[in-house]
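Excluded from the calculations below are hydrogen atoms, water molecules and symmetry mates; all remaining heavy atoms, backbone and side chain alike, are included. Note that the structure is a prediction, hence the values are computed from the model and not measured. This chain uses plain numbering: 1 for the first residue, then up along the sequence.
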Amino acid sequence: QVQLVESGGGLVQPGGSLRLSCAASGSIFSINAMGWYRQAPGKERELVAAITSSGTINYADFVKGRFAISRDNAKNTVYLQMNSLKPEDTAVYYCNADLFNAYGRRRPTWGQGTQVTVSS
C-alpha cells in the first residue's frame, strides 16, 4: 500500500513563512510527478504547484513568486516553501502523487492534508 504523509502546516502571521513536506512510502516503483493542492472552506480544491521527476514545474498564478516547490527523488519527498504568506492562503493543503506501484499499476494518491492558517 502506498501512503502520502504531509507535515509542516500550522498557524503563522501574515508575511511569515512555512515549509510543507510530503513523503511517499510503500510499494512504489516510480513517481512521475508530485504536487500540492489546497482547499479553503466553501471553495474548490485548486492546484498550487506540481513537479515531475525530471524537474518540470507548474505553478498556479496566485503563487506570484512567493512559493517554491522542490523534491528529493531518492526520498520520494516533495516540499513546498511558502513565503510572504497572506490570510487568503489559509486552507488545507493536500499532497498528490502520480505514481506506479510495485505491481505496475498507475495510481494517483492523496495525502490526508495539513492545515495552514495565516492570521494576526
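Side chain of Ser53 to main chain of Ile31: a donor-acceptor pair is present (N/O by atom type, distance under 3.5 Å, no hydrogens or angles). Asn73 contributes no side-chain N or O that, together with a main-chain N or O of Asn76, makes up a donor-acceptor pair within less than 3.5 Å. Without hydrogens or angle criteria, Thr109 side chain to Arg107 main chain gives a donor-acceptor distance under 3.5 Å.
Cluster annotation: Leu18 is not connected to Val92 through the hydrophobic network of ILVMFWY side chains, with a link wherever side-chain heavy atoms come within less than 4.5 Å. Put simply, Val63 and Met82 are part of the same group of oily side chains (I, L, V, M, F, W, Y) that touch within less than 4.5 Å, one to the next.
Within the structure, every pair that satisfies the ring pair (Phe, Tyr, Trp, His ring centres under 6.0 Å) test and touches residues 31-83, not counting sequence neighbours, is listed here: Tyr37-Trp110. Sorted by first and then second residue, the pairs that involve residues 74-98 and meet salt bridge (Lys or Arg N to Asp or Glu O under 4.0 Å), not counting sequence neighbours, are Arg38-Asp89, Arg66-Asp89, Asp98-Arg106.
Contact annotation: the side chain of Gln81 approaches that of Ser17 to within less than 4.5 Å [non-hydrogen atoms, C-beta and beyond]. Between Ile51 and Asn58, every side-chain heavy-atom pair lies at or beyond the 4.5 Å cut-off. Two residues are said to be in side-chain contact when any heavy atoms from C-beta on lie closer than 4.5 Å; Ile69 and Ile57 meet this criterion. Looking only at side-chain heavy atoms (C-beta outward), Cys95 and Val78 come within less than 4.5 Å of each other. The side-chain heavy atoms of Glu6 and Tyr93, taken from C-beta on, include no pair separated by under 4.5 Å.
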Trace of the side chain to side chain contact (heavy atoms under 4.5 Å, CB included) decision for Ser25 with Gln3: CA-CA 5 Å; Ser25 63; Gln3 293 180 320; 4.2 Å; yes

Step-by-step side chain to side chain contact (heavy atoms under 4.5 Å, CB included) determination, Leu80 to Arg19: CA-CA 6 Å; Leu80 184 67; Arg19 184 171 182 258; over 6 Å; no

Stepwise side chain to side chain contact (heavy atoms under 4.5 Å, CB included) check, Cys22 with Met34: CA-CA 9 Å; Cys22 173; Met34 299 184 75; 4.0 Å; yes

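Note that CG of Leu20 and OG1 of Thr114 are 6.0 Å apart. Values are rounded to the nearest 0.5 Å.
Looking at Thr117 and Ser119, their side chains never bring a donor and an acceptor atom within 3.5 Å of each other.
Of all heavy-atom pairs spanning Leu47 and Ala50, the tightest one is CD1-CB, 4.2 Å. Taking each heavy atom of Leu99 and Asn101 in turn, the nearest pair found is CD1-N, 4.0 Å.
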